[in-house]
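Predicted model only: the values in this text are computed from it and were never measured.
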Amino acid sequence: MAGPDPRAELRELAAWQRPLRADFPIVAANPEQAYLDSAATSQKPRRVLDVVHTYLTTSNANAGRGSYPWANATTAMVTGAAERVREFLGDRSAKAEEGAGAGAGPSSVHFTSGTTEGLRTVARDWLPLLLRDGDEIVVPYGDHRANLDPWLEARDLLGAQGVRIAVRELPCQAGTGDYDARALAALVGPRTRFVAVTHVHHVYGADMNVHRIRDAVGPDVPICLDAAQSVGHQPVSVADLDVDFLVFSGHKALALPGTGAVWARGERGPAFRPGGWAGTPNTAGIASLAAALDWLEAAGVERIARWTAALASVLTDGLSRMPAYEVLGCRSSLAAGTEVQRRGSIVTFRHHGIGSQDLGFILFSHGFMVRSDDHCQAGRDPRDGSVRVSLHVHNTLEEMEKLLTALAKLQ
């Protein structure tokens, strides 16, 4: 089924997008450079930078450790930022209590340095409390290593204590990375206690349709969702996603590096309480995250998703006409009404005759900043690289057309 005309979509949204692009100082200052690596880290709009500057020059202090006005203001900012995360994620449960990240209802928000630390915190501090000898967990072996290694580490830690845990591979379809929900349903048994999944694949760029996972595993098994490539790029609602943890990186959602959060529903399994002493939080990063979520909401995340998907469609369509290139993932994932994954803001491809590292250097010489390696994909040979183009609202149709022109010359 043919999808909508992406160029018509881009023309419709052009007047909305133009001032948003201008709001990124680094983009505006480098008009001859095209930043196409937002899946690795996003650029920051002026509002985010201004909020951080204001915080650091007016009320910088530690949170929860002082009674003077700057400390009180910082504590209130961190608490408010946790509530802002819940609102942005569509958490409609009771509002947060006083305190950094605590929730009045069962749900809670805990700030981390990013998705990797967040997933590791769930694996280290919560999962061992859930599991008993002989239990099973199901995790993805073809997604980002950050959503595999922590679960294997938890298995090994429990094994050293004499608790044997079986790790099952989450079934997926070869070539597309799409989860095989039917095979998963057959894999789930009475000792299945936990499932880890990814919301948007960081290589194939497709929404993994995680609602099928809940149907496959049943109503009682906790699910942890790696949302690193969805939060800040497309609408995300925990009210619609029946998952127990949602973990994301602030730096991929227009905030500063070293920021992220774990949202915990708190309804299946033990309460989620990160272990150890809670040290000084990244207060400037947390301030930037709250500002980034405000900016994204004002801009309209749904429109951002439409814009970047249309750009990705133009790029994918152009690449499909060049025999020298192979686009990774499902080729029909951009079609309207498709029953497979819908591709978003990521397009990953290979040249049949030029290695990914060389192609990355060549593209940079033409003004394009792309990712060119194995993208930290679990199970991938580091030598088996590809080029990843990942987009955000500041990217343009002109950049896609110039990129396609450069790629065409390399055939």
Side-chain angles (χ1 to χ4, degrees), residues 3-21 23-24 27 35-45 48 85 87-90 115 178 198-211 225-241 243 246 248-255 289 292-317 329-330 332-348 388-397 399-400:
D5 179 2
R7 293 176 184 271
E9 185 103 359
L10 294 170
R11 287 193 296 270
E12 176 188 339
L13 295 173
W16 159 84
Q17 185 267 350
R18 199 172 297 114
L20 298 180
R21 173 182 168 84
D23 206 24
F24 290 81
V27 173
Y35 183 76
L36 305 176
D37 199 18
S38 291
T41 197
S42 60
Q43 299 303 333
K44 322 305 176 190
V48 171
V85 170
E87 292 173 350
F88 189 82
L89 295 179
T115 303
D178 191 13
T198 299
H199 199 186
V200 171
H201 200 282
H202 73 293
V203 176
Y204 305 122
D207 189 311
M208 303 296 281
N209 294 324
V210 295
H211 61 276
L225 181 65
D226 174 352
Q229 299 298 345
S230 56
V231 172
H233 297 265
Q234 66 184 49
V236 176
S237 172
V238 295
D240 299 330
L241 295 167
V243 298
L246 185 147
F248 71 95
S249 296
H251 75 94
K252 298 180 190 290
L254 311 187
L289 178 56
L293 299 183
D294 288 344
W295 191 95
L296 287 162
E297 191 168 85
V301 181
E302 187 272 338
R303 283 186 171 187
I304 292 173
R306 286 172 57 196
W307 179 264
T308 55
L311 292 177
S313 181
V314 169
L315 179 57
T316 305
D317 180 66
C330 180
S332 62
S333 59
L334 286 164
T338 180
E339 295 182 357
V340 300
Q341 310 148 299
R342 294 302 304 276
R343 192 186 300 267
S345 59
I346 296 173
V347 178
T348 305
R388 183 180 70 184
V389 170
S390 51
L391 307 164
H392 218 296
V393 68
H394 52 75
N395 294 118
T396 65
L397 174 59
E399 290 174 342
M400 296 302 97

Pairwise distance CE(Met400) to CG(Leu311) - rounded to 0.5 angstrom: 6.0 Å
Between CG on residue Asn395 and CG on residue Leu315, distance to nearest 0.5 Å: 10.5 Å
Closest non-hydrogen atom pair between [X] and [Y], with its separation:
X	Y	result
Pro6	Ser313	CG-OG, 3.6 Å
Ser230	His199	OG-ND1, 2.8 Å
Ala253	Ala292	O-CB, 3.3 Å
Ala305	Pro235	CB-CD, 4.1 Å
Trp16	Arg303	CD1-NH1, 3.2 Å
Thr348	Val203	OG1-O, 2.5 Å

Any side-chain heavy-atom pair from [X] and [Y] closer than 4.5 angstrom?
X	Y	result
Val231	Leu246	yes
Gln17	Leu397	no
Glu87	Glu297	no

side-chain contact (heavy atoms from CB on, under 4.5 Å) between Leu20 and Trp307, worked out: CA-CA 12 Å; Leu20 298 180; Trp307 179 264; over 6 Å; no
Intermediate values then yes/no, side-chain contact (heavy atoms from CB on, under 4.5 Å), Val48 and Phe24: CA-CA 10 Å; Val48 171; Phe24 290 81; over 6 Å; no
Under 3.5 Å, is there a donor-acceptor pair between the side chain of [X] and the main chain of [Y]?
X	Y	result
Thr308	Ser345	no
Lys44	Ala255	yes
Thr396	Glu399	yes
Ser249	Ala228	no
Arg388	His202	yes
Gln229	Gly205	no
Ser390	Ile346	no
His233	Lys252	yes

Stepwise side-chain contact (heavy atoms from CB on, under 4.5 Å) check, Gln234 with Asp207: CA-CA 10 Å; Gln234 66 184 49; Asp207 189 311; 3.3 Å; yes
Among Leu289, Leu225, Asp226, the one residue meeting side chain to side chain contact (heavy atoms under 4.5 Å, CB included) with Phe248: Leu289
His392 and His394 aromatic ring geometry - parallel, tilted or perpendicular at 30°/60° bounds: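 Geometry flag for His392 against His394: parallel rings.
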Worked verdict on Leu36 versus Leu391 for side-chain contact (heavy atoms from CB on, under 4.5 Å): CA-CA 6 Å; Leu36 305 176; Leu391 307 164; 3.8 Å; yes
